[in-house]
Amino acid sequence: MGYAEVYADWLADPERFWMEAARAIDWVKPPSRALEDSRAPLFEWFTDAQVNTCYNAVDRHVVAGNGERTAIIHDSPITGRKAKISYAELQAKVAGLAGALRDKGVAVGDRVIIYMPMVPEALVAMLACARLGAVHSVVFGGFSASELAVRIDDCAPKAIIAASCGLEPGRVVKYKPLLDGAIEMAQAKPDFCIILQREEETATLIAGRDHDWNAVQEGAEPAGCVPVSGDHPAYILYTSGTTGAPKGVVRPTAGHLVALNWTMKNIYGVAPGEVFWAASDVGWVVGHSYICYGPLIHGNTTIVFEGKPVGTPDAGTFWRVISEHKVAAFFTAPTAIRAVKREDPKGAFLAPYDISCLRTLFLAGERADPDTIEWAQNLLQKPVIDHWWQTETGWTIAGNPVGIEALPVKIGSPSVAMPGYDVQILDEGGHPVAPGTLGAIAVKLPLPPGTLPTLWNAQERYVKSYLTTFPGYYETGDAGMKDEDGYLYIMARTDDVINVAGHRLSTGAMEEVLAGHPDVAECAVIGVSDALKGQMPMGFVCLTKGVNRPHADIVKECVGLVREKIGPVAAFKLALVVDRLPKTRSGKILRGIMVKIADGQPFKEPATIDDPAILDEIRDAMQTIGYAKG
Ligand code: COA
Ligand code: AMP
């Protein structure tokens, strides 16, 4: 069957389609039905099944006689270390850590925060939680102690598993002081912490609370897999959007297993045993779905890469890893390819490597600009496939399913809706618009298996954020259009989310931080175009009356404050002091127009603007830091 037939097959009977896909999962008790729709517009999948995620990702491959197959390759150009872990070894490691967690009281439904860099133990920790039915929440290492504290308070973890440090080029990021600071700040205190001591940094452990990763496992009986119901939360992953408070996206166990397993062959075109590499971080959804769960559930070899596209040691790192480990499918963010292109425009660093093993390069996480796609295509002489998805969905909404049929690529489009997603472009009244017309991108309910059924502890916020604007649809927060052939074009966000180097950030959260500066009366943060990172945040602050300190000092403090409160990952480096912000007469800040001014794009002055002269003031201010050139 080609793509059109598979999509039509799904559309004709979604429940049959997903029940068939569910046959690839090893159930303790198979689901008797696919969709639970009695609480529409809230939907769940495979609720009456009993299953264990870790069993499907690890044990079943050992049982099937594939215990010697490599499950994880760790390749760390930062430390120079490499290691391989077979499925049988992974099973022993995961059962060992799960045993220790269980002995310390972690049981089904308990939350465990994981704050770890790109080491295999991060996956071991995730899988150990899954083995017990505990709900993990991985927090990206580039977030600050305050952001970690917010997550601790929201999910109230019984335990936190962390490493002593992460490694950024030229810098050891000590995690323990961040962790201690976060626990200090949080109201909800974990019962205990487990710390993986790395060679580069030995953390001081707090007696009675902190346990060494190895010591805590001594004498612990390895734990077996605990069956959970299909709708049990597999994990919580916090993401940005709408307000400063992160949203705890809940991933349902059974749907996650079924959907991810289905994507490995159909979307990524890999067979069990092949090497799949997502160069992302376990702290992001790409890391959850395609460093950890997807490849392992499907019996692939996954790569945990601790490095950067450039500088570790050079722009040939990606090509070295692909050739050395025989990577069949490679997934990264367009930013990473832009970084390589900037450093090595002629592709000289590719020359020493044979990458004939690679079939496809997949890009996602942000808009893939045509230049980057064309450059990569020409250099690699392989298909470069853009696909569009979100933390909320956990897998592709629109893509080019090379495992079903490689559709013609239209550069600038992540291609077509995947089975499971009825994607519509809606006008403000919620009516579908004609092809080629811009609108809000929405997905007709129900969303497919694996997508979020709710937000952690925030059902109302879930309904309000996603299900209310367009009744009967899930609001993606993206705007764009569909062409005559059903190809989607993702153009912009409709909320405050910006995408910086493939990292999803909230300008609202940054505004909350700036507003906390004692000299700031009012502020706005926008995302401006950046040739490398796609977007960069730019902040504008108006000072409280009577403040006459040097602006440079205030700017420096603002930059420092965002780094401290949100983290280095916010990459907040551009800030300006201005007298006034452009607003409508009703007081709404015209952020969209500010973005257009910064990017030198034409715009129409809104009729409702309060004082058009402010736009010139803003343009002049931006020009002082090299923007708004037009
Ligand atoms: N722990 C601690 N700090 C981190 C971190 C982590 N895990 N990840 C990033 N940071 C820090 C960086 O060190 C940097 O700090 P600095 O301001 O002191 O330099 C800051 O956060 C910003 O990082 P980043 O946006 O990654 O910028 P960069 O200049 O270090 O690197 C790229 C630029 C393009 C090489 C890098 O962003 C990249 O590899 N992007 C690909 C992103 C990706 O794979 N995203 C996953 C979604 S699929
Ligand atoms: P995240 O939840 O971090 O994966 O970010 C999801 C958001 O990133 C989407 O809502 C889009 O705004 C953007 N995004 C992800 N993939 C793409 C893509 N292929 N093209 C355009 N935007 C994308």
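Position 1 is the first residue of the sequence, and the numbers go up from there. In listed order, ligands and their atoms are each counted from 1.
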Quick check on contacts: which atoms of ligand 1 are under 4.0 angstrom from a heavy atom of [X]?
X	value
K533	24 (P), 25 (O), 27 (O), 28 (P), 29 (O)
A279	44 (O)
G142	1 (N), 2 (C), 3 (N), 4 (C), 5 (C), 6 (C), 7 (N)
P309	35 (C), 39 (O)
V569	21 (O)
R171	3 (N), 11 (C), 12 (C), 13 (O), 15 (O), 18 (O)

Less than 4.0 angstrom from a charged side-chain N to a carboxylate O is my criterion; do [X] and [Y] meet it?
X	Y	result
E168	K308	yes
E306	R198	yes
K444	E475	no
D369	R338	yes

Open item on the list: Walk me through whether Y421 and W395 qualify under ring pair (Phe, Tyr, Trp, His ring centres under 6.0 Å).
Closed with: CA-CA 11 Å; Y421 296 93; W395 62 281; 5.0 Å; yes
Task: Axial cation check for Y489 ring with R367, 6.0 Å and 45° limits - done: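 No, R367 and Y489 do not form such a contact.
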Task: Residue pairs fulfilling side chain to side chain donor-acceptor pair (under 3.5 Å) with at least one residue in residues 310-321, sequence neighbours excluded - done: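 Residue pairs with at least one partner in residues 310-321: D75-R320, R320-E324.
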Under 6.0 Å between the ring centres of [X] and [Y]?
X	Y	result
W284	H503	yes
Y235	H288	yes
F330	H325	no
Y268	Y290	yes

Task: Any residue meeting salt bridge (Lys or Arg N to Asp or Glu O under 4.0 Å) with E374, in chain and number order, not counting sequence neighbours - done: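 Applying salt bridge (Lys or Arg N to Asp or Glu O under 4.0 Å) to E374 gives none.
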Task: Set of salt bridge (Lys or Arg N to Asp or Glu O under 4.0 Å) partners for E557, sequence neighbours left out - done: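 So E557 forms a salt bridge (Lys or Arg N to Asp or Glu O under 4.0 Å) with R549.
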Open item on the list: Yes or no: does F331 have any heavy atom under 4.0 Å from an atom of ligand 1?
Closed with: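 In this structure, F331 fails to qualify as a contact of ligand 1 - no heavy atom is under 4.0 Å.
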Open item on the list: In this structure, does ligand 1 have an atom that sits under 4.0 Å from one of the heavy atoms of R563?
Closed with: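 Yes, R563 has a heavy atom closer than 4.0 Å to ligand 1.
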Task: Residues E199, R81; criterion salt bridge (Lys or Arg N to Asp or Glu O under 4.0 Å); working and verdict - done: CA-CA 11 Å; E199 271 179 37; R81 290 197 282 272; 3.0 Å; yes
Look at [atom] and say which protein heavy atom is nearest, naming residue and atom and giving the distance to 0.1 Å.
atom	result
atom 48 (S) of ligand 1	V286 CG2, 3.6 Å
atom 47 (C) of ligand 1	G502 O, 3.5 Å
atom 30 (O) of ligand 1	K308 NZ, 4.1 Å
atom 20 (C) of ligand 1	P568 O, 3.2 Å
atom 26 (O) of ligand 1	H503 CE1, 3.6 Å
atom 8 (N) of ligand 1	F140 CZ, 3.4 Å
atom 19 (O) of ligand 1	K573 NZ, 4.0 Å
atom 12 (C) of ligand 1	E168 OE1, 3.1 Å

Using distance alone, decide if ligand 1 has a nitrogen or oxygen within less than 3.5 Å of any nitrogen or oxygen in [X].
X	answer
T335	no
S280	no
W284	no

TODO: Pick, from A364, C165, A501, the option with the minimum heavy-atom distance to atom 40 (N) of ligand 1.
DONE: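 Of the listed residues, A501 has the closest heavy atom.
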- [ ] Could you give me the CA-CA distance, side-chain angles and deciding distance for K410 and D483, then say whether salt bridge (Lys or Arg N to Asp or Glu O under 4.0 Å) is met?
- [x] CA-CA 11 Å; K410 294 194 189 185; D483 72 8; 2.7 Å; yes
Open item on the list: Strictly distance-based, threshold 3.5 Å: is any side-chain N or O of N499 a donor or acceptor partner for the main-chain N or O of G534?
Closed with: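 No, the answer is negative, given that no donor and acceptor are paired below the 3.5 Å cut-off.
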TODO: Return yes when at least one protein heavy atom is under 4.0 Å from atom 10 (N) of ligand 1, and no when none is.
DONE: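 So atom 10 (N) of ligand 1 has protein heavy-atom neighbours under 4.0 Å.
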Open item on the list: Within the protein, is there a heavy atom lying under 4.0 Å from atom 36 (C) of ligand 1?
Closed with: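 Within 4.0 Å: no protein heavy atom nearby.
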Task: Residues lining ligand 2 [heavy-atom distance under 4.0 Å, listed by chain and residue number] - done: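 Protein residues near ligand 2 are V285, G365, E366, R367, D386, H387, W388, W389, Q390, T391, D478, I490, R493, N499, R504.
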Open item on the list: Looking at every heavy atom in both A145 and A182, which two are closest together, and how far apart are they?
Closed with: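 Looking at all heavy atoms of both residues, the closest pair is O-CB, 3.4 Å.
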